[in-house]
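Structure record follows, encoded as structure tokens.
All values reported here derive from a predicted model rather than from experimental measurement. A, B, ... follow the sequence lines: proteins, then strands. Residue 1 opens every chain. The basis for the numbers below is simple: all heavy atoms, side chains too, and nothing from hydrogens, waters or symmetry mates.
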Amino acid sequence: MSSLQPVRGTHDLLPDEMRRHRTVVDAARSVSSRYGFEEIATPIFEFTNVFSRTLGDTSDVVTKEMYTFEDKGGEMITLRPENTASVMRAYLSNGMQQLAPCRFFSHGPMFRYERPQKGRQRQFHQLNAELIGVPDPLADVEMLTMGAHILKELGVLERTTLEINSLGDMDSRQAYRELLIAYFSTYESDLSADSRARLTKNPLRILDSKDEKDREILSGAPDMAASINDDSRCFFDTVLERLTKLGISYSLNTRLVRGLDYYCHTAFEFTTTELGAQGTVMGGGRYDGLIEQMGGPATPGVGWAAGIERLSMMINEPVPDSMPVSIIPIGDVAFEKGFALANDLRHAGFNIDFGVSGNMKKRMKRANRVGARAAIMLGDDELARDGVTVRDMETGEQTEVSFAMLESQLDRYR
RNA sequence: GCGGGAGUAGCUCAGUUGGUUAGAGCACCUGGUUGUGGUCCAGGGGGUCGCGGGUUCAAGUCCCGUUUCUCGCCCCA
């Protein structure tokens with residue numbers, strides 16, 4: 001075993017895996033553009049406070065998962081653990097308030113310091129979609145519809161479940177929070193250590209605790225739906241009605257809270273049972289307070305993120321790229337001629353394989369290995385007749401073709 | 001941060017109660033074919049048995065430590 005190990009939790013994307021990733025990204029880019037989304041990219045690192053101020057001091061991401069370091073100028077820098085905060089920072093930095101509403105699609109690597117396991121890495125890749133500046137529940141529906149559309153395009157929608165919940169608006173959340181603190185305080189000594197730490201800082205997170213004792217206590221906890229005010233209730237009902245009208249099935253999950261503090265109203269996850277312990281393939285929700293919290297004007301927003309690795313594990317093997325035509329020269333004169341021919345054909349749009357060395361047998365072997373659909377053979381015989389021999393690599397059929405007719409004869413191998 | 005499983009050729013793996021020079025399949029190279037691949041036949045190269053220590057006449061095999069991978073817990077994409 002070599003000592004040249006990649007950093008734990010990171011992986012090389014070799015051609016087969018890269019092709020899967022590209023399939024996922026291409027589908028998302030194509031579908032999102034039909035919904036009016038434009039692609040952007042933000043830097044993979046930001047000042048630490050872009051994340052620490054927005055994700056919540058008690059979120060796992062901030063407390064234990066960020067890759068943070070001091071750069072040579074003494075600035076605290078963090079590799080982005082998610083993309084929503086970065087996109088909102090970009091929205092404010094570039095004065096895009098005037099362009100609202102904005103629809104942004106992006107994708108790229110994210111970094112979280114966690115123990116790697118199936119479907120979880122320290123550097124992983126996400127698709128991101130954000131719709132900024134639309135307070136109407138229709139925006140939530142549009143994001144969900146688009147997400148489902150992308151999953152359908154990838155052929156995985158039927159193998160996922162859309163779980164959805166409403167956290168209510170800020171007032172509802174605050175009211176519920178107080179109810180929860182009051183309730184859990186009476187059981188404080190029985191709660192798990194994690195839950196006890198969250199009791200005053202972020203009691204909502206206790207709701208999705210998996211601890212057995214916590215679950216028992218939870219069964220008597222006040223219901224979130226009961227403390228959601230009428231406006232929020234109405235908002236959520238509209239979302240659900242629209243989903244039903246569009247034929248998007250969902251499953252209400254009142255325990256669904258999500259890990260980041262900035263969510264309100266709609267919270268959702270598309271989950272699957274196919275990826276071991278990691279069920280979530282796409283997750284997001286509404287974050288109306290986020291931009292204001294970052295120092296911008298009060299601006300609503302909805303968005304989601306999807307795991308590219310997780311999706312790529314669920315899709316069918318993509319078809320390989322277009323197969324090349326190999327040029328097989330025999331002899332020095334033919335080599336020069338073949339080299340020039342390769343150049344001409346590449347400029348004409350053909351995918352050409354041209355090896356620099358080897359006898360004919362080796363070159364044929366190589367043509368086979370790279371999956372060539374045809375081989376162009378040229379030696380003294382062909383040169384004397386000012387043409388080449390084209391061999392169909394599947395049927396083995398060979399025909400002589402003049403240089404003048406070559407491109408048109410090759411068209412079927414494009 | 002905590003727990004389970006694993007680490008032998010480029011890849012997937014076998015290797016008996018510890019006992020010759022550590023094997024197979026695939027892949028690779030050469031030849032059978034001096035201008036013909038994918039099939040077939042023959043031959044060949046390739047190993048710090050993760051690393052370090054210990055037990056033993058003898059360790060891939062047993063013991064301890066360590067490291068990496070992997071699956072799970074927590075949490076998330």
Side-chain angles (χ1 to χ4, degrees), chain A residues 1-11 14 24 55 58-65 80-84 107-128 147 160 192-195 197-198 205 208-212 214 256-260 269-272 275-284 303-314 326 328-331 334 353 355 358-383 388-398:
Chain A
M1 196 56 74
S2 165
S3 63
L4 297 174
Q5 290 278 345
V7 175
R8 173 174 233 181
T10 67
H11 292 282
L14 301 181
V24 171
L55 304 181
T58 56
S59 71
D60 280 33
V61 169
V62 170
T63 54
K64 56 183 194 186
E65 295 173 2
R80 61 184 183 190
E82 59 106 40
N83 209 25
T84 300
H107 69 94
M110 306 294 157
F111 306 84
R112 291 184 196 174
Y113 190 88
E114 295 186 276
R115 278 295 283 274
Q117 54 184 281
K118 188 181 174 75
R120 170 180 304 172
Q121 302 167 199
R122 289 185 175 180
Q123 176 176 337
F124 60 103
H125 298 78
Q126 280 187 339
L127 306 171
N128 264 90
T160 65
S192 65
D194 279 347
S195 293
R198 289 171 187 148
R205 289 282 306 290
D208 57 8
S209 169
K210 269 84 179 177
D211 183 273
E212 211 170 301
D214 288 354
L256 181 62
V257 173
R258 298 192 51 74
L260 308 178
E269 292 182 2
F270 284 89
T271 60
T272 179
L275 299 178
Q278 273 60 243
T280 307
V281 113
M282 176 183 285
W304 52 246
I308 296 177
E309 280 81 2
R310 292 181 185 179
L311 287 172
S312 86
M313 282 190 279
M314 292 181 73
S326 286
I328 318 262
I330 304 132
D353 164 63
N359 58 23
M360 184 174 196
K361 189 184 172 87
K362 274 187 177 173
R363 287 168 180 280
M364 284 301 288
K365 250 177 137 68
R366 175 194 163 87
N368 194 62
R369 194 172 57 238
V370 301
R373 301 186 58 197
I376 296 173
M377 293 177 287
L378 69 164
D380 295 341
D381 294 354
E382 286 83 359
L383 288 176
V388 298
T389 297
V390 175
R391 179 183 176 87
D392 185 300
M393 292 298 281
E394 198 179 333
T395 65
E397 190 186 337
Q398 298 191 176

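- For A59(B) and G53(B), the C1' atoms lie 13 Å apart once the distance is rounded to whole Å.
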Would you write out the dot-bracket form of RNA chain B, 5' to 3', with Watson-Crick and G-U pairs under 3.5 Å, [ ] for crossing pairs, | for pairs to other strands and . for unpaired bases?
(((((((..((((.....[...)))).(((((.......))))).....(((((..]....))))))))))))....

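- Near-neighbour residues of RNA chain B inside residues 306-314 of chain A, defined by a heavy atom below 4.0 Å, number-ordered: Gly307(A), Arg310(A).
- Within the 4.0 Å cut-off from OP1 or OP2 of C29(B), not a single side-chain nitrogen or oxygen of Lys362(A) is found.
- With hydrogens and angles left out, the side chain of Glu114(A) and the base of A77(B) share a donor-acceptor pair within 3.5 Å.
- With P as the reference atom, G3(B) and A77(B) are 27 Å apart, rounded to whole Å.
- Every residue two or more places apart in sequence or in another chain that forms a side-chain hydrogen bond (donor to acceptor under 3.5 Å, both in side chains) with Glu82(A) is listed here: Tyr262(A).
- If you take atom C1' in A24(B) and the same atom in G46(B), they sit 15 Å apart, rounded to whole Å.
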Can you build the contact string for nucleotides 32-37 of chain B? Use B for base contact, S for sugar-phosphate-only contact, and - for no protein heavy atom under 4.0 Å.
-B-BBB

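- Side-chain atoms of Arg120(A) and base atoms of C75(B) include a donor and an acceptor less than 3.5 Å apart.
- Listed by first and then second residue, the side-chain hydrogen bond (donor to acceptor under 3.5 Å, both in side chains) pairs that reach into residues 373-383 of chain A are Glu382(A)-Thr389(A), sequence neighbours excluded.
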In the 5'-to-3' direction, what one-character label does each nucleotide of nucleotides 65-72 of chain B receive under the scheme B = base within less than 4.0 Å of a protein heavy atom, S = sugar-phosphate only, - = no such atom?
---SSBSB

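- With sequence neighbours left out, Ala374(A) forms a side chain to side chain contact (heavy atoms under 4.5 Å, CB included) with Val325(A), Val390(A), Tyr413(A).
- Distance check on atom C1': U61(B) versus A6(B) gives 16 Å, rounded to whole Å.
- Side-chain contact between Pro116(A) and Arg8(A) is present, with at least one heavy-atom pair separated by less than 4.5 Å.
- Look at the C1' atom in both U68(B) and G50(B): the space between them is 7 Å, to the nearest Å.
- Among residues two or more places apart in sequence or in another chain, the side chain to side chain contact (heavy atoms under 4.5 Å, CB included) test is passed with Gln126(A) by Met110(A), Arg112(A), Phe124(A), Asn128(A), Ala305(A).
- The side-chain hydrogen bond (donor to acceptor under 3.5 Å, both in side chains) check on Arg120(A) picks up Gln278(A), with sequence neighbours excluded.
- Separating the C1' atom of G5(B) from that of G10(B) is a span of 25 Å, rounded to the nearest Å.
- G4(B) and A22(B) are spaced 35 Å apart, taking the P atom of each and rounding to whole Å.
- Look at the C1' atom in both U55(B) and C64(B): the space between them is 11 Å, to the nearest Å.
- With sequence neighbours left out, the side chain to side chain contact (heavy atoms under 4.5 Å, CB included) criterion links Leu383(A) to Val333(A), Ala334(A), Lys337(A), Leu378(A).
- In this view, Thr280(A) and Glu269(A) satisfy the side-chain hydrogen bond (donor to acceptor under 3.5 Å, both in side chains) rule, not counting sequence neighbours.
- Qualifying salt bridge (Lys or Arg N to Asp or Glu O under 4.0 Å) partners for Arg366(A), counting only residues two or more places apart in sequence or in other chains: Asp353(A).
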